[in-house]
Structure formats: structure tokens, C-alpha cells
Participant: 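What follows is a single structure, and I will ask about it in a moment.
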Amino acid sequence: MTNSAHHIVFANEKGGTGKSTTAVHVAVALAYQGHKVAIIDLDPRQRTSYRYLENRDATMKRLNIEVPQPLYDVFEYDTLARLEQLVDQMSQRVDFLLYDTPGRDDKFARFVATRAHTLVTPINDSFVDFDLIGQVDPETFKVKKLSFYAELIWEARKARAKSDGTTIDWVVLRNRTQHVEAHNMKRIVSALAELSQRVGFRMIPGLSERVIYRELFPSGLTMLDKPHLGRLATSHIAARQELRELIKHLALPKSSDRLPEEELPAFDKPKLVA
Ligand SMILES: Nc1ncnc2c1ncn2[C@@H]1O[C@H](COP(=O)(O)OP(=O)(O)OP(=O)(O)O)[C@@H](O)[C@H]1O
Ligand SMILES: [Mg+2]
């Protein structure tokens, strides 16, 4: 992979933790900041992020509007050489190249994970998700053991540091957070804090549990596309704020925490497509 783009890999071998949802929202947010962004969807069967952005294109056409749109592609081949070719092509064209990986062990996901600049692992506030990174004692909730996946990332980072002296910024992001279940949440957060020191990842806040993240998929819109949301527009200031926080905590090079609302008027009004 070339160094021309910053590579952000969304990975978690467990399914349904929010990789695609987070990847699409981060991609759109970066596009709103004026960056050139692309997503490669590495799950040719589900192709969630690919379909999300395809829906976004269709909405632009249907409503005759223009919203910031990342480039997107789905990887459907079966060799690493083909993937490298696609990655090389894409990284010449963009500032940020995002990878949405499948929720299972997958050779392409492993390949891109070892080459990430930023590796984002979304988890839900549940010990079922946590188990992927480490196992906890059933009585004390202290971390007993690292999981296979954490070991894998650990090895990847070591190899990376040896080969080019850089490191992978591994970020564990808490997705679908809720204000209920405070007790369980506290245990998870303290187990994560313990593990983050042992394994060396950063723990950051992600998106909270909101219907809007599910509802907008068919239109391909996000809560950043405020003028086009109709009845959904007003109630999602908090959602925009949490996305802004997420971007800030990712601490990406060249990125800021500017996001639309007030700051980016260029996309605040629908623009006619020629
Ligand atoms: N913050 C959220 N609030 C509400 N629903 C969410 C949130 N994040 C994800 N979801 C929903 O949870 C489900 C799984 O999310 P998503 O598809 O992003 O996970 P994934 O990790 O990409 O899954 P897979 O491993 O199958 O690729 C989807 O129905 C999605 O709409
Ligand atoms: Mg997915």
C-alpha cells in the first residue's frame, strides 16, 4: 500500500458491531470536511457500505440534490494481488481510504488490518463483544486473558513497527451506547480500560443507540445532510454532535472537528445537479 492516503480499517471478527454504520458516517463526515475519501467494502455478500452509498447516489438523482459523496467500491475477487491493485489505485486518488471488513475471520480483512494507519474496532457495551478482545473472570470481571484477535493485532503491530518503524493506532470504539444499563456499562468500561493498557489500544466514544442510524440506510443519507432529512432534521443535533466527537477522537491527520451544521454553508442548501 502506498503512503499517499491515510488508511482507516474498520474491523472486528464479530458480526453486527457497527463497522459498516461507523465507516459510512466517518466517510461522509470526512467528505463534508472537504477531504477526498473512498471506502472499499470487503464484504461482497452483504456489501452494506457499498449499498448505503449506492442509495445515496440514487437519492441525489431522485431529489435532484448534491451532497458530499465518498468514492466507493466493493472488492469481489479472490487474490491479494487484486486487492493490492485496487488499493493502490484508490490511494492515489484520495486523502482517506476506508475499509469496511466482514464480521468474520477473512484473509483480506487481516491483510488490510496489518497495513492500517488507524484500525477501528467497534464493540457494543456487552461482554459478548468484549470477549473478542479479552476474556474476563466471571466473578471479579478482571481481564483474565487476551483473545486470539487481540493477539493477532498485537503481532501485526509488532511486525509493522519492525518493518517501517510506524505503528497502527488501534482504536476500540464503543458503539450503540445507551444510558440505561449503567452497571454493566461501568464494568465494561473498567475492563476495557484495563485491557487498553495491556494491549495498547485507545478507547473512544462512538455513536449511541439511535433509530436514525437504521432509518437512513434506504436513502443513503446521514444526519449531516440536514436540509434533506425532512421530519428527521430537527431531533438530531445531538447525533451530529456525537459524530463530531467521534471524528475528533479518531485524531486523524489533516482532519479537524469541523462538521456541518453552522460551519460548512456550501452544502447547506440543495444544489441543482446539471
Ligand atoms: N449506533 C447505532 N444505533 C442504532 N442502530 C445501529 C447503530 N449502529 C449499528 N446499528 C444497527 O446494527 C446493525 C449492525 O450494524 P452494522 O451493519 O453497521 O454492523 P457490522 O459490524 O458492519 O455488521 P457485519 O459484521 O454483519 O458487517 C444494523 O442493523 C445497524 O443499522
Ligand atoms: Mg458490515
Side-chain angles (χ1 to χ4, degrees), residues 5 8 10 16 18-76 90 93-100 122 175-176 206-248 250 252 255-274:
I8 312 174
F10 293 81
K19 296 176 286 297
S20 303
T21 305
T22 313
V24 166
H25 283 82
V26 168
V28 170
L30 290 171
Y32 258 110
Q33 289 182 341
H35 298 295
K36 288 192 203 135
V37 188
I39 299 196
I40 300 179
D41 192 331
L42 288 174
D43 195 340
R45 254 189 269 167
Q46 281 200 107
R47 47 177 78 199
T48 310
S49 46
Y50 183 84
R51 299 226 4 258
Y52 203 116
L53 296 176
E54 224 179 24
N55 294 345
R56 191 170 173 83
D57 268 340
T59 294
M60 281 199 258
K61 237 183 182 166
R62 187 169 46 88
L63 301 181
N64 208 17
I65 57 170
E66 201 175 289
V67 287
Q69 172 74 316
L71 298 171
Y72 57 102
D73 206 344
V74 62
F75 181 69
E76 303 182 271
M90 286 284 210
R93 301 170 62 190
V94 295
D95 305 313
F96 293 99
L97 185 49
L98 281 62
Y99 302 84
D100 182 19
N175 184 41
R176 301 185 83 158
L207 306 175
S208 61
E209 174 70 35
R210 288 178 201 276
V211 175
I212 192 172
Y213 296 123
R214 294 192 291 268
E215 271 192 342
L216 288 176
F217 174 82
S219 67
L221 293 173
T222 70
M223 67 280 190
L224 298 179
D225 310 306
K226 188 173 98 185
H228 314 298
L229 292 180
R231 69 183 174 83
L232 291 170
T234 46
S235 57
H236 294 290
I237 295 161
R240 281 191 286 274
Q241 181 56 27
E242 74 192 15
L243 182 54
R244 184 182 289 122
E245 283 294 305
L246 193 170
I247 298 287
K248 194 167 90 188
L250 281 179
L252 302 167
S255 169
S256 65
D257 57 356
R258 285 173 71 233
L259 278 181
E261 173 85 342
E262 51 289 342
E263 304 95 331
L264 297 174
F267 284 102
D268 263 352
K269 290 197 187 78
K271 223 166 86 182
L272 290 182
V273 180

Participant: So, do I8 and L30 sit near enough that their side-chain heavy atoms are less than 4.5 Å apart?
Facilitator: yes
Participant: Using side-chain heavy atoms (C-beta onward) and a distance below 4.5 Å, is I40 in contact with D100?
Facilitator: no
Participant: R56 side chain to S219 main-chain N or O, any donor-acceptor pair under 3.5 Å?
Facilitator: no
Participant: With a 4.5 Å limit on heavy-atom distance, are the side chains of R210 and E242 in contact?
Facilitator: yes
Participant: Looking at T21 and G18, would you say the former's side chain and the latter's main chain have a donor-acceptor pair under 3.5 Å?
Facilitator: no
Participant: For A239 versus M223, what's the shortest heavy-atom pair and its separation?
Facilitator: O-CE, 3.4 Å
Participant: Taking all atoms of both residues into account, what is the closest heavy-atom pair of A29 and I247, and its distance?
Facilitator: CB-CD1, 3.8 Å
Participant: So does T222 get a backbone contact from the side chain of D225, meaning a donor-acceptor N/O pair under 3.5 Å?
Facilitator: yes
Participant: Would you verify whether the NZ or CZ of R47 falls within 45 degrees of the ring axis of Y50 while also being under 6.0 Å from that six-membered ring's centre?
Facilitator: yes
Participant: Is there a side-chain contact between Y213 and R176 in this structure, where contact means two heavy atoms from C-beta onward sitting under 4.5 Å apart?
Facilitator: no
Participant: Mind checking the CZ-CD spacing from R51 to E54? Nearest 0.5 Å is all I need.
Facilitator: 7.0 Å
Participant: If we only count heavy atoms from C-beta on, is the T22 to F10 side-chain gap below 4.5 Å?
Facilitator: yes
Participant: Determine the minimum heavy-atom distance between N55 and P218, stating which atoms define it.
Facilitator: CB-O, 3.4 Å
Participant: Taking D41 for its side chain and F75 for its backbone only, find out whether a donor-acceptor pair lies under 3.5 Å.
Facilitator: no
Participant: Identify the two heavy atoms, one from L224 and one from Y32, that lie closest to each other, and give their separation to 0.1 Å.
Facilitator: O-OH, 3.2 Å
Participant: Check whether any side-chain heavy atom of P68 sits under 4.5 Å from a side-chain heavy atom of V28, and report yes or no.
Facilitator: no
Participant: Does any part of the side chain of Y52, heavy atoms only, come nearer than 4.5 Å to the side chain of I39, both counted from C-beta?
Facilitator: no
Participant: Nearest 0.5 Å, please: how far is CG in L53 from CG in D73?
Facilitator: 11.0 Å
Participant: I need the K19 NZ to L98 CG distance, nearest 0.5 Å.
Facilitator: 14.5 Å
Participant: How about L246 and L207: do any of their side-chain heavy atoms sit closer than 4.5 Å?
Facilitator: yes
Participant: Which heavy-atom pair separates P44 from V74 by the least distance, and what is that distance?
Facilitator: CA-CG2, 3.8 Å
Participant: State plainly whether the residues E209 and R214 are in salt-bridge range, i.e. N to O under 4.0 Å.
Facilitator: yes
Participant: What pair of heavy atoms forms the shortest contact from V94 to K36, and how long is it?
Facilitator: CB-O, 3.4 Å
